[in-house]
Undergrad: 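The structure under discussion is supplied below as structure tokens; questions concerning it will follow.
So you know, we letter chains A, B, ... as the sequences are listed, proteins then strands, and number each from 1.
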Protein chains: 2
Amino acid sequence: MSKPEYVRTNKTEVKRKPDRGSYDRETVHSILDEGLVAHVGIVQDETPLVIPMAYGRVEERLYLHGSAASRLLRDARDLDVCVTVTLLDGLVLARSLINHSMNYRSVVIFGKAKQVTDVGEKSAALEAVTEHIISGRVADTRKNSAKEIKSTLVLSVPINEVSAKIRFGPPNDYEEDMELDVWAGVIPIGVAIGAPEPDEISGDLMAVPDYVKKWRR
Amino acid sequence: MSKPEYVRTNKTEVKRKPDRGSYDRETVHSILDEGLVAHVGIVQDETPLVIPMAYGRVEERLYLHGSAASRLLRDARDLDVCVTVTLLDGLVLARSLINHSMNYRSVVIFGKAKQVTDVGEKSAALEAVTEHIISGRVADTRKNSAKEIKSTLVLSVPINEVSAKIRFGPPNDYEEDMELDVWAGVIPIGVAIGAPEPDEISGDLMAVPDYVKKWRR
């Protein structure tokens with residue numbers, strides 16, 4: 001039996017172009033699992049702040065970790081956050097300027113962020129963030145020491161009040177524009193991956209590990 | 001003579017890892033000009049909201065245009081926004097888990113967003129957004145009608161209170177980790193571009209325009 005959809009709230013219901021909205025768990029999870037960077041919004045002194053952060057998902061929980069975190073989020077207890085992950089899939093070129101668009105998949109999560117203080121959960125969360133970015137890496141690196149875990153800041157956000165929004169496919173031109181002498185279509189976009197660049201010491205000594213060579217997104 | 005740097009404010013000064021911060025105009029412009037999607041934060045009912053939006057830059061002004069805009073931003077007069085553009089350049093794999101990182105270039109703009117109501121400025125702004133995404137496209141498509149321009153929402157944000165943050169290069173491992181038997185280095189990341197996909201009508205009739213074929217980022 002498939003899991004029930006996320007419950008729609010006033011905040012998450014996609015009101016404009018509702019056919020692009022999705023509340024399906026697998027859809028939301030798949031977008032989160034494919035993304036590499038989350039844009040995390042908080043309110044600071046009554047004004048918005050948006051920070052790019054690394055993240056990892058464990059079931060219905062998102063763990064956030066980022067360099068900007070330490071100063072801004074150190075006191076997070078029940079901090080209202082909005083976490084947005086956007087995957088760009090293509091540029092959509094229509095015959096009219098107005099119908100130009102992008103193909104994308106995005107997820108927006110609203111929730112209360114909490115600092116993770118339990119050392120066990122925090123250690124697992126940090127490993128989840130790295131595994132999310134490159135699967136197989138954690139087993140191959142020096143683990144975090146207790147001191148390193150303590151000095152690091154991790155936020156936890158429940159994946160609960162959430163929706164996805166998706167646009168795909170060719171341009172939607174108006175009927176009256178269809179005979180214009182204009183090329184219309186999509187330029188597909190994805191993640192380009194260069195050849196791994198070993199640092200000075202690895203370069204001389206070591207083969208590139210398989211999980212690095214085969215990394216894709 | 002090169003233009004003066006942006007003035008640092010309490011909000012834009014990069015306090016953690018200040019060597020990663022930049023207030024140089026050309027650096028900020030180049031990151032904005034390379035990005036395709038901005039993550040725009042606003043405060044709504046005292047909680048944060050982060051929306052992905054298309055944008056274009058004209059001198060020291062950013063124009064924002066996005067589907068989610070209409071409902072949320074329709075009443076924008078002097079709306080506090082935070083606009084963040086992030087370019088991911090690589091995954092940084094260190095010998096220790098704690099020193100894993102990403103290579104990136106990001107820009108964060110704080111400002112008051114205003115709705116653009118002047119039809120001439122709005123028309124130019126909408127063209128700037130499309131030209132920003134794919135140069136050469138505007139001349140090749142049906143222009144916006146006055147009615148289309150009126151029905152569209154464009155926000156204008158001054159590029160004034162702004163900073164860039166950049167991380168590049170190999171991992172920074174601790175001295176005591178350098179002899180670990182762990183591959184360390186960078187997986188470079190960029191924008192992958194697929195072969196243009198014409199829609200049903202263009203496919204049969206037209207050659208792919210040069211500016212589409214040659215599109216890069």
Undergrad: For Asn99(B), which atoms come within 4.5 Å of any heavy atom of chain A: side chain, backbone, both, or neither?
TA: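 Neither part, no heavy atoms under 4.5 Å.
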Undergrad: How long is the straight-line distance from CD of Gln44(B) back to CZ of Phe110(A), given to the nearest 0.5 Å?
TA: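 Spacing of CZ (Phe110(A)) from CD (Gln44(B)) equals 7.5 Å.
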Undergrad: So among Ile149(A), Thr130(A), Val129(A), Asp140(A), which one has a side-chain contact (heavy atoms from CB on, under 4.5 Å) with Leu97(B)?
TA: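 The option that passes is Thr130(A).
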Undergrad: Listing request: all side chain to side chain donor-acceptor pair (under 3.5 Å) pairs with a residue in residues 81-95 of chain A, at least two apart in sequence or in separate chains.
TA: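 Passing the test, one end in residues 81-95 of chain A: Thr86(A)-His39(B), Asp89(A)-Arg105(A), Arg95(A)-Asp173(A), Arg95(A)-Asp199(B), Arg95(A)-Ser202(B).
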Undergrad: Could you give the distance from CD1 (Ile187(B)) to OH (Tyr211(A)), rounded to the nearest 0.5 Å?
TA: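 Ile187(B) atom CD1 to Tyr211(A) atom OH measures 8.5 Å (nearest 0.5 Å).
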Undergrad: Measure the spacing between CG of Leu88(A) and CZ of Arg217(B) and express it to the nearest 0.5 Å.
TA: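 If I round to the nearest 0.5 Å, the distance is 10.0 Å.
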Undergrad: With a 4.5 Å cut-off on heavy-atom pairs, point out which of Pro170(B), Pro171(B), Gly41(B) contacts chain A the most.
TA: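 Option with the top pair count is Gly41(B).
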Undergrad: In Å, rounded to the nearest 0.5 Å, how long is the span from CE of Met102(A) to CG of Leu36(B)?
TA: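 Here the rounded value is 5.5 Å.
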Undergrad: Would you mind telling me which of Lys143(A), Glu46(A), Arg137(A), Met178(A) has the largest number of heavy-atom pairs within less than 4.5 Å of chain B?
TA: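 Most heavy-atom pairs under 4.5 Å with chain B: Arg137(A).
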Undergrad: Sort Ser96(B) into side chain, backbone, both or neither according to what part of it lies under 4.5 angstrom from a heavy atom of chain A.
TA: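 The answer is both parts of Ser96(B).
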Undergrad: Roughly how far, to the nearest 0.5 Å, is the CD1 atom of Ile51(A) from the OG atom of Ser106(B)?
TA: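 CD1 of Ile51(A) is found 10.5 Å from OG of Ser106(B).
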Undergrad: By a 4.5 Å heavy-atom criterion (distance strictly below it), what part of Ile133(A) contacts chain B: side chain, backbone, both, or neither?
TA: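 Both parts, heavy atoms under 4.5 Å.
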Undergrad: Taking every non-hydrogen pair under 4.5 Å, which of Pro196(B), Pro198(B), Ala184(B), Ala195(B) racks up the most with chain A?
TA: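 If we count pairs closer than 4.5 Å to chain A, Ala184(B) comes out on top.
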Undergrad: Check Trp183(B) against Glu197(A) and note the closest heavy-atom contact, atom names and distance.
TA: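 That closest heavy-atom pairing would be CZ2-C, 4.1 Å.
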Undergrad: At a heavy-atom distance under 4.5 Å, which candidate from Gly194(B), Pro188(B), Gly185(B), Gly203(B) has the highest pair count against chain A?
TA: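 Most heavy-atom pairs within the cutoff with chain A belong to Pro188(B).
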Undergrad: Given side-chain contact (heavy atoms from CB on, under 4.5 Å), test Ile189(A) with Trp215(B) step by step and report yes or no.
TA: CA-CA 11 Å; Ile189(A) 288 183; Trp215(B) 188 83; 3.7 Å; yes
Undergrad: If you tally heavy-atom pairs under 4.5 Å against chain A, which of Ile193(B), Leu180(B), Asp177(B) wins?
TA: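 Maximum pair count with chain A is reached by Asp177(B).
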Undergrad: Tell me, yes or no, whether the heavy-atom count around Asp181(A) atom CG, taken from other residues, nucleotides or ligands under 6.0 Å, exceeds 12.
TA: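 No - once you tally the heavy atoms of other residues, nucleotides and ligands closer than 6.0 Å, there are 12 at most.
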Undergrad: Could you check whether Thr47(A) and Lys11(B), counting side-chain N and O atoms only, form a donor-acceptor pair closer than 3.5 Å?
TA: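 Lys11(B) vs Thr47(A): donor-acceptor pair found between side chains.
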Undergrad: Chain A heavy atoms under 4.5 Å from Val212(B): which part of the residue, side chain, backbone, both or neither?
TA: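 Backbone plus side chain of Val212(B), per the 4.5 Å heavy-atom cut-off to chain A.
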Undergrad: So which residue, Val37(A), Val208(A), Val108(A), Val138(A), ends up with the most heavy-atom pairs under 4.5 Å with chain B?
TA: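 Greatest number of close heavy-atom pairs with chain B: Val208(A).
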Undergrad: Could you go through Val50(B) and Val40(A), starting from their C-alpha distance and side-chain angles, then the distance that decides it, and tell me whether this counts as side-chain contact (heavy atoms from CB on, under 4.5 Å)?
TA: CA-CA 7 Å; Val50(B) 179; Val40(A) 181; over 6 Å; no
Undergrad: Which value, rounded to the nearest 0.5 Å, describes the distance between Asp45(A) atom CG and Asp80(B) atom CG?
TA: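 Answer rounded to 0.5 Å: 10.5 Å.
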